[in-house]
Amino acid sequence: MNSDIVTRFAPSPTGFLHIGGARTALFNWLLARHYGGKFLLRIEDTDRERSTAEAVEAILEGLQWLDICWDGDPVFQSSRLRRHVELAENLVKEGKAYYCYCSLEELEEMRREAKAKGLSPKYDGRWRDRDPAEAPPGAKPVIRLKAPSEGNTVLHDVVQGEIIVSNGQLDDMILVRSDGTPTFMLSVVVDDHDMGVNCVIRGDDHLTNTFRHIQIFNVFGWSIPEYGHIPLIHGPDGVKLSKRHGALSVGAYRDMGYLPEAVCNCLLRLGWSHGDDEVISREQATEWFTTENLGKSPSRMDFAKLKSLNGHYMRAADNKRLLDELLRKIGDLPEEKKQRILTGMNGLKQRAKTILELRDMAAVYIDDFTAPAPDAETAEILRKISFLLSSVDDWSEKNLERRVKAFSEEKGVSFGKIAGSLRNALTGKKITPGVFEMLESFGKVEGMRRISAGLL
RNA sequence: GUCCCCAUCGUCUAGAGGUCCAGGACGUCGCCCUCUCACGGCGGCAACACGAGUUCGAAUCUCGUUGGGGACGCCA
């Protein structure tokens, strides 16, 4: 492969961007970028019943969020319908395809019989050489490919290796429906050819389709793209990832507070590896990604690993960006509180593995809090600390800690006890960022207020 | 049912005949660090599905078994 490589992602807009689709898109994108080729986007909206504008929007948004950008404008398959049908009709004229007048009931019957006999259910080709004049009156025909009945169709898959299927296994597929619209089989092949696509990474649920695609490419005499079929992503229980696993759409991952770079990194490691590397930046991925390291065994989505990865990217993320992500979840905040959060962000992001956890952790800076009156011993400590801190001018985490530590040593009061008392007075919580860090974030006025609030 | 694919720790995987009584990461357990929690550091537990071959030698090659997955639409 080289810089002439053209890959594509071709989702059908019948719903959100599926996480598995996102991985497919990522792999194709990576491959194109690696070789300096092109990555195209095609919306396969030939099924008008199920395709929606909202779904198109959701898919584009999902890709953008993951920072997977396509070259040129997306191609809408529906806009190319005329060309697809025209080509099919040409094939009929050339005797390479034919009209079939079978009714749905007839086909149903055929499949039932085949299954009963232990054969693979398929169309028997009964109209292949029959005179269309014998067609039942008024019946609308489909166009079927006159597929080879002898020999094998061979696929040299860049992931799976050589796979051979006997042509007897494949039936004469429908190219154009009885309503005159082209099928997926035809459209995909024509569009891939017209768009110059020469490399296709896709889920291995498409594997059997590929043999049909190859037959169509052959009948047109077009060159066949390289294919790589990657195993599907399964849920934690080993079955195909579905709604019941919760997180199916990339939007769901965003809602759960994951960062796009973490999602990409996680997806990248599902079915692809580069030695022992785990945390892989987009730049490194682009440099390293080839089809050679694609695995052929199915993998399960590991949410624990995603979370760990996300924690890594959270810690590395820009503070202002994290604040923006946080505000996107909870709405805008007064300037003063935003400032507090920003000041405390380093401590916050170190503890939160998702934006949702960041939100929970940041509550100490968002919620107003006044501690209830403490017990006598604690009150005594707080009174002394309050007195000490009131004279502190350098209200920084470092200095505050230094002063309190000195006090602790001098008076022989346990530092842990002091810190615990402060934590409680400041937040009323057991788990928080460091107390001096919080003091700095609150500022002297609010910090002093909280410490002494319960003392009166 | 038919066809196709897959098979290393719980999970993601490294491994392309000897360097593997199998390495990394996540998770888990223990310890250290420590103002709580995290982070970080150190260590433990934990896998080549099974059975035959081929070979001086197999996680790596072949066959079979078992297990898992996918496809069999006038959906894509």
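These numbers come from the heavy atoms of this one structure, side chains and all, not from hydrogens, waters or symmetry mates. Computed from a predicted structure; not experimentally measured. Protein chains get the first letters and strands the later ones, always in sequence-line order, with residue 1 at the start of each.
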Next on the checklist: Once you measure the plane-to-plane angle for A:Tyr99 and A:Tyr101, does it fall in the parallel (<30°), tilted (30-60°) or perpendicular (>60°) bin?
Outcome noted: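 If you compare the ring of A:Tyr99 with that of A:Tyr101, the planes turn out tilted.
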Would you mind pulling out the nucleotide paired to [N], Watson-Crick or G-U wobble, both distances under 3.5 Å?
N	result
B:rG1	B:rC72
B:rA7	B:rU66
B:rU55	none
B:rU60	none
B:rC20	none
B:rG43	B:rC29
B:rU34	none

Using a heavy-atom cut-off of 4.0 Å across all strands, would you classify [X] as base, sugar-phosphate, or nothing?
X	value
A:Ser273	sugar-phosphate
A:Arg269	base
A:Thr46	sugar-phosphate
A:Cys100	nothing
A:Leu309	nothing
A:Asn209	base
A:Lys353	sugar-phosphate
A:His206	base
A:Asp302	base
A:Pro298	sugar-phosphate
A:Met185	base
A:Gln160	sugar-phosphate
A:Gly203	nothing

Counting side-chain heavy atoms from CB outward, which of [options] is closest to [X]?
X	options	result
A:Val142	B:rA7, B:rC74, B:rA76	B:rC74
A:Ile163	B:rC4, B:rC39, B:rA25	B:rC4
A:Arg315	B:rG73, B:rC4, B:rC39	B:rC39
A:Glu278	B:rG24, B:rC3, B:rC4	B:rG24

Measuring to OP1 and OP2 of [N], would you say a side-chain N or O of [X] lies under 4.0 angstrom away?
X	N	result
A:Ser299	B:rU13	yes
A:Lys296	B:rC6	yes
A:Arg111	B:rG73	yes

Are [X] and [Y] close enough that a side-chain donor and a side-chain acceptor fall under 3.5 Å?
X	Y	result
A:Ser12	A:Arg50	no
A:Asn167	A:Ser149	no
A:Asp375	A:Thr378	yes
A:Asn209	A:Arg212	no

Looking only at atom [atom1], what distance separates [N] and [M], rounded to whole Å?
N	M	atom1	answer
B:rA49	B:rU36	P	45 Å
B:rG69	B:rA25	C1'	25 Å
B:rA46	B:rG68	P	27 Å
B:rU65	B:rU28	P	41 Å
B:rG27	B:rU13	C1'	14 Å
B:rC50	B:rC56	P	24 Å

Checklist entry - With ring centroids as reference points, do A:Phe9 and A:Trp70 lie under 6.0 angstrom apart? => result no
Checklist entry - Between A:Phe289 and A:Phe27, is the ring centre distance below 6.0 Å? => result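 Close enough - the centres of the two rings lie under 6.0 Å apart.
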Over all atoms of both residues, closest heavy-atom pair of [X] and [Y]:
X	Y	answer
A:Pro298	A:His234	CB-CE1, 3.4 Å
A:Val435	A:Leu426	O-CD2, 4.0 Å
A:Arg126	A:Cys102	CD-SG, 3.6 Å

Nearest-Å distance, [atom1] ([X]) to [atom2] ([N])?
X	N	atom1	atom2	answer
A:Arg144	B:rG73	CZ	C1'	10 Å
A:Asn346	B:rA38	CG	C1'	14 Å
A:Ile280	B:rC12	CD1	P	16 Å
A:Glu106	B:rG73	CD	P	16 Å
A:Trp288	B:rU13	CH2	P	17 Å
A:Glu49	B:rC74	CD	C1'	12 Å
A:Leu270	B:rC12	CG	P	8 Å
A:Asn167	B:rC4	CG	P	13 Å

Next on the checklist: Quick one: does any side-chain atom of A:Ser178 pair with a main-chain N or O of A:Pro141 as donor and acceptor, under 3.5 Å?
Outcome noted: no
Next on the checklist: With heavy-atom distances below 4.5 Å as the criterion, would you say the side chains of A:Ile224 and A:Asn218 are in contact?
Outcome noted: yes
Item to check | Audit row: A:Ile163, A:Phe211, side-chain contact (heavy atoms from CB on, under 4.5 Å) steps and yes/no | outcome: CA-CA 10 Å; A:Ile163 303 171; A:Phe211 291 95; 3.6 Å; yes
Collect all protein-nucleotide pairs involving nucleotides 45-49 of chain B in which both atoms are nitrogen or oxygen and the distance is under 3.5 Å.
none

Between the protein and nucleotides 33-36 of chain B, list every N/O to N/O distance that falls short of 3.5 Å.
unit_1 : atom_1 : unit_2   : atom_2 : d
B:rC35 : O2'    : A:Arg423 : NH1    : 3.4
B:rC35 : O2     : A:Arg423 : NH2    : 2.7
B:rC35 : N3     : A:Val435 : N      : 3.4
B:rU36 : O2'    : A:Lys430 : O      : 3.2
B:rU36 : N1     : A:Arg423 : NH2    : 3.3
B:rU36 : O2     : A:Lys430 : O      : 3.3
B:rU36 : O2     : A:Thr432 : N      : 3.0
B:rU36 : O2     : A:Thr432 : O      : 3.2
B:rU36 : N3     : A:Arg423 : NH2    : 3.1
B:rU36 : N3     : A:Thr432 : O      : 2.6
B:rU36 : O4     : A:Arg351 : NH2    : 3.1
B:rU36 : O4     : A:Gly434 : N      : 3.2

Next on the checklist: Please determine whether any donor N or O and acceptor N or O are separated by less than 3.5 Å between the side chain of A:Asp204 and the base of B:rG70.
Outcome noted: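 Side chain to base: no pair below 3.5 Å.
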